[in-house]
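The structure presented is a predicted model; accordingly, all values stated were derived computationally and were not measured.
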Amino acid sequence: MPGGRFPLSVRRRAVPWERQRPTWREARPAVIAQALKRAQARPSGNWYVVGATRDVRADRPLARTVAAREVVVWRDAEGRLVAGPGVCPHLGAPLKDSPVRCGTLVCHWHGLALKGTPFAGWEPLPVHDDGVLVWVRLDDVGGETPLDAPVVPVRPALPGALSAVYVGVGTCEPEDVVANRLDPWHGAWFHPYSFVDLTVVEAPGTGSKEAEGEGEDGFAVDVSFKLAGRLVVPVRAVFTAPEPRTVVMHITEGEGQGSVVETHATPLGPDDQGRPRTAVVEAVVAASDRRGFAVARTMAPALRPLMRAAAGRLWRDDLAYAERRWHLRSTGRFPG
């Protein structure tokens, strides 16, 4: 992996898309299925990602439906994060449409005021803000032994990092999103506009310490991020699944070493046809020791929309992958 003064490389022997080395023999369905099974066996403590910390505004709650349960999150008068059911206990008004005034969520139907403590049949839910994402704990949904806090991946120190959060929704289940991320072999074939020269150098079961990633089996990948023409940024990335609904990509060598891309899958509930819907909440936390990165951080408000747009382009493809996987599974035709 390059680690010199300049992070860019020039592909001097660029291979056309159709002539790159096929990866279908290496992408063994059993390897992906076993990695998924191990991820599903890890504890989550019943924590679910709701959305981005930045989306918790002062004037209205952050709302999400998690496993068909309406949830609202806001900050009280002391600035503390609070969460609870999104259904008013009085006559069922949707609290997602109600305003927040001085830290109090005021139901817009009849004025029932919620300050984040138990009141009139409304009970708060455990909530956690990790600085990038907001989580809620739903013990009746998860059915696991509760944990005091969610399993948050190791990240760069936030004061020196640049972060952005993308949210998308697909017709699938969380396992389909996780399975997509546990198949790194599809990257250069399915996303040629972003990735080239991809090689999975380690996969679970090989015994490689590097692929195990702090005790978790993972996939180590050498890949180049495509910029323009033949200009690329080569890195090594390791994919691990620290809990059932999360897959994390850590940049372990090359430009942005220590940066992470976290993919969180949150079940929303069925659509009007009874099909499952899942939210993909992807957090990018980028870091670099290059002097120019400090300048980039000052431009964060302008860069975040670009980072979200890049994630959105990838997820238009990857949600199609996840949705196709669910469709085949639901009709008994999935070959994996």
**Q** Starting from Trp315, can I reach Phe195 by hopping between I/L/V/M/F/W/Y residues whose side chains sit under 4.5 Å apart?
**A** no
**Q** Can you list the residues that meet the side chain to side chain contact (heavy atoms under 4.5 Å, CB included) rule with Thr298, with sequence neighbours excluded?
**A**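 Only Val295 meet the side chain to side chain contact (heavy atoms under 4.5 Å, CB included) criterion with Thr298.
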**Q** Could you go through the side chain to side chain contact (heavy atoms under 4.5 Å, CB included) check for Leu314 and Tyr166 one step at a time?
**A** CA-CA 11 Å; Leu314 288 168; Tyr166 163 81; over 6 Å; no
**Q** Tell me the closest heavy-atom pair linking Ala120 and Leu112, and the distance in Å.
**A** CB-CD1, 4.0 Å
**Q** Between Pro61 and Ser98, which heavy-atom pair has the shortest distance, and what is it?
**A**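 What the structure gives for the nearest pair is CD-O, 3.1 Å.
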**Q** Can you name the nearest heavy-atom pair linking Gly121 to Pro89, along with the distance?
**A**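 Result for this residue pair: C-CB, 4.0 Å.
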**Q** List for me each residue that meets ring pair (Phe, Tyr, Trp, His ring centres under 6.0 Å) alongside Trp24, sequence neighbours excluded, and say none if there are none.
**A** none
**Q** State, to 0.1 Å, how close Gly160 and Phe293 come at their nearest heavy-atom pair, and which atoms those are.
**A**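 Shortest heavy-atom separation between Gly160 and Phe293 comes out as O-CE2, 3.4 Å.
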**Q** Examine distances only and state if a side-chain atom of Thr104 and a backbone atom of Lys115 form a donor-acceptor pair shorter than 3.5 Å.
**A**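 Not at all, since once roles are kept as given, no pair shorter than 3.5 Å links the two residues.
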**Q** Closer than 4.0 angstrom, basic N to acidic O: yes or no for Lys37 and Asp217?
**A**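 No, this pair does not count.
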**Q** I'd like to check Asp139 versus Pro146 (side-chain heavy atoms, cut-off strictly below 4.5 Å). Are they in contact?
**A**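 With C-beta onward as the side chain, the pair touches.
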**Q** When rounded to the nearest 0.5 angstrom, what is the spacing between CH2 in Trp47 and CG in Asp148?
**A** 8.0 Å
**Q** Tell me, please, which residues at least two apart from Trp326 pass ring pair (Phe, Tyr, Trp, His ring centres under 6.0 Å).
**A**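 Once residues adjacent in sequence are excluded, Trp326 has no partner under the ring pair (Phe, Tyr, Trp, His ring centres under 6.0 Å) criterion.
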**Q** Can you find a pair of side-chain heavy atoms, one from Cys172 and one from Arg329, that are under 4.5 Å apart?
**A** no
**Q** Are there over 12 heavy-atom neighbours, none belonging to Arg25, within less than 6.0 Å of that residue's CZ?
**A**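 For Arg25, atom CZ is not crowded (no more than 12 foreign heavy atoms under 6.0 Å).
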**Q** Give the table of side-chain donor-acceptor pairs shorter than 3.5 Å for residues 303-313, with sequence neighbours excluded, one pair per line with atom names and distance.
**A**
| residue | atom | partner | partner atom | Å |
| --- | --- | --- | --- | --- |
| Arg304 | NE | Ser163 | O | 2.7 |

**Q** Distance only, no hydrogens: is a donor on one side chain within 3.5 Å (strictly under) of an acceptor on the other, for Glu173 and Thr278?
**A**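 No pair is found: no donor N or O on one side chain lies under 3.5 Å from an acceptor on the other.
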**Q** Check whether Gln40 reaches the backbone of Pro244 with its side chain - one donor and one acceptor, N or O, closer than 3.5 Å.
**A** no
**Q** Any pair with a residue in residues 63-74 that passes side chain to side chain donor-acceptor pair (under 3.5 Å), sequence neighbours left out, goes on the list, sorted by first then second residue, please.
**A**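 For residues 63-74: Arg69-Asp140.
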**Q** Atom NE2 in His264, atom CD in Glu282: separation rounded to 0.5 Å?
**A** 9.0 Å
**Q** Taking all non-hydrogen atoms of both residues into account, name the closest pair between Ala161 and Val285 and its distance.
**A**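 Residues Ala161 and Val285, closest heavy atoms: CB-CG1, 3.8 Å.
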**Q** Using the side chain to side chain contact (heavy atoms under 4.5 Å, CB included) criterion, which residues pair with Ala283? Sequence neighbours excluded.
**A**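 Side chain to side chain contact (heavy atoms under 4.5 Å, CB included) list for Ala283, sorted by chain: Val132, Leu133, Val165, Glu262.
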**Q** So does Val235 get a backbone contact from the side chain of Glu253, meaning a donor-acceptor N/O pair under 3.5 Å?
**A** no
**Q** Output, in order, the C-alpha distance, side-chain angles, deciding distance and verdict of side chain to side chain contact (heavy atoms under 4.5 Å, CB included) for Asp318 and His191.
**A** CA-CA 9 Å; Asp318 281 336; His191 308 295; 2.9 Å; yes
**Q** Take Leu231 and Val10 through the test side chain to side chain contact (heavy atoms under 4.5 Å, CB included) and record every step on the way to the result.
**A** CA-CA 5 Å; Leu231 285 177; Val10 178; 3.8 Å; yes
**Q** Taking the side chain as every heavy atom from C-beta outward, state whether Val72 and Leu114 have any pair of such atoms under 4.5 Å apart.
**A** no
**Q** Would you please name every residue forming a side chain to side chain donor-acceptor pair (under 3.5 Å) with Arg60, sequence neighbours left out?
**A**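 With neighbours one apart ignored, the set is empty.
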**Q** Could you check whether any side-chain heavy atom of Pro150 comes within less than 4.5 Å of a side-chain heavy atom of Ser44, counting everything from C-beta outward?
**A** no
**Q** Is Arg137 reaching over with its side chain to a backbone N or O of Leu147, donor-acceptor style, under 3.5 angstrom?
**A** yes
**Q** Quick one: pull up CZ in Arg277 and CG in Asp272 and give me the separation to the nearest 0.5 Å.
**A**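 Separation between the atoms: 9.0 Å.
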**Q** Take a 6.0 Å sphere around CZ of Arg28 and say whether it holds more than 12 heavy atoms from other residues, nucleotides or ligands.
**A** no
**Q** Tell me, please, which residues at least two apart from Trp189 pass side chain to side chain contact (heavy atoms under 4.5 Å, CB included).
**A** Trp17, Gln20, Thr23
**Q** Given side chains that start at C-beta, do those of His186 and Asn180 come closer than 4.5 Å, heavy atoms only?
**A**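 When only atoms from C-beta onward are counted, Asn180 and His186 do touch, with a gap below 4.5 Å.
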**Q** With clusters built from Ile, Leu, Val, Met, Phe, Trp and Tyr whose side-chain heavy atoms come within less than 4.5 Å, directly or transitively, what are the remaining members of the cluster of Val136, listed by chain and number?
**A**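 Members besides Val136, by chain and number: Tyr48, Val50, Val56, Leu62, Val66, Val71, Val73, Leu81, Leu125, Val127, Val134, Leu138, Val141.
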**Q** Within this structure, what is the CZ-CG distance for the pair Phe119 and Leu105, rounded to the nearest 0.5 Å?
**A**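 So the CZ of Phe119 and the CG of Leu105 are separated by 12.5 Å.
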**Q** Rounded to the nearest 0.5 Å, how far apart are CG of Asp197 and OG of Ser224?
**A** 5.0 Å
**Q** When clusters are formed by joining ILVMFWY residues with side-chain heavy atoms under 4.5 Å apart, either directly or through shared neighbours, do Val221 and Val247 land in the same one?
**A** yes
**Q** Do Trp109 and Pro94 touch side chain to side chain, with heavy atoms closer than 4.5 Å?
**A**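 Yes. Closest side-chain heavy atoms under 4.5 Å.
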**Q** Apply the test side chain to side chain contact (heavy atoms under 4.5 Å, CB included) to residues Arg42 and Val151: give CA-CA distance (whole Å), side-chain angles for both, the deciding distance (0.1 Å), then the verdict.
**A** CA-CA 10 Å; Arg42 295 185 177 116; Val151 181; over 6 Å; no
**Q** Relative to each other, are the rings of Phe219 and Trp185 parallel, tilted or perpendicular (30° and 60° limits)?
**A**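 Ring orientation, 0 to 90° scale: perpendicular.
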**Q** Examine distances only and state if a side-chain atom of Ser288 and a backbone atom of Gly256 form a donor-acceptor pair shorter than 3.5 Å.
**A** no
**Q** Roughly how far, to the nearest 0.5 Å, is CG of Leu36 from CG of Leu182?
**A**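 So the gap between those two atoms works out to 6.5 Å.
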**Q** Mark yes or no for whether Asp59, through its side chain, and Pro99, through its backbone, hold a donor-acceptor pair below 3.5 Å.
**A** no
**Q** Return the set of residues passing side chain to side chain donor-acceptor pair (under 3.5 Å) with Asp271 (not counting sequence neighbours), or none when no residue passes.
**A**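 With neighbours one apart ignored, the set is Arg275.
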**Q** Please confirm whether the backbone N or O of Thr246 pairs with a side-chain atom of Arg181, one donor and one acceptor, at under 3.5 Å?
**A** no
**Q** What residues form a ring pair (Phe, Tyr, Trp, His ring centres under 6.0 Å) with His90, not counting sequence neighbours?
**A**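 Once residues adjacent in sequence are excluded, the partners of His90 under the ring pair (Phe, Tyr, Trp, His ring centres under 6.0 Å) criterion are His110.
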**Q** Just jot down the side chain to side chain contact (heavy atoms under 4.5 Å, CB included) partners of Ala14, sequence neighbours excluded, or say none.
**A** Arg11, Arg230
**Q** Does the pair Asp183/Arg325 count as a salt bridge with the N-to-O cut at 4.0 Å?
**A** no
**Q** Would you say Asn46's side chain and Glu144's backbone share a donor-acceptor pair under 3.5 angstrom?
**A** yes
**Q** Do you know which two heavy atoms are closest between Asp76 and Glu78, and how far apart they sit?
**A**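 Heavy atoms of Asp76 and Glu78 come nearest at OD1-N, 2.9 Å.
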**Q** Strictly distance-based, threshold 3.5 Å: is any side-chain N or O of Thr171 a donor or acceptor partner for the main-chain N or O of Glu323?
**A**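 Judged by distance alone, no pair lies under 3.5 Å.
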**Q** Within the side chain of Arg333, is there an N or O that forms a donor-acceptor pair under 3.5 Å with the backbone of His327?
**A** no
**Q** Should the ring pair Phe190 and Tyr321 be called parallel, tilted or perpendicular, given that the plane angle runs from 0 to 90° and is split at 30 and 60?
**A**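 Aromatic pair Phe190/Tyr321 classed tilted.
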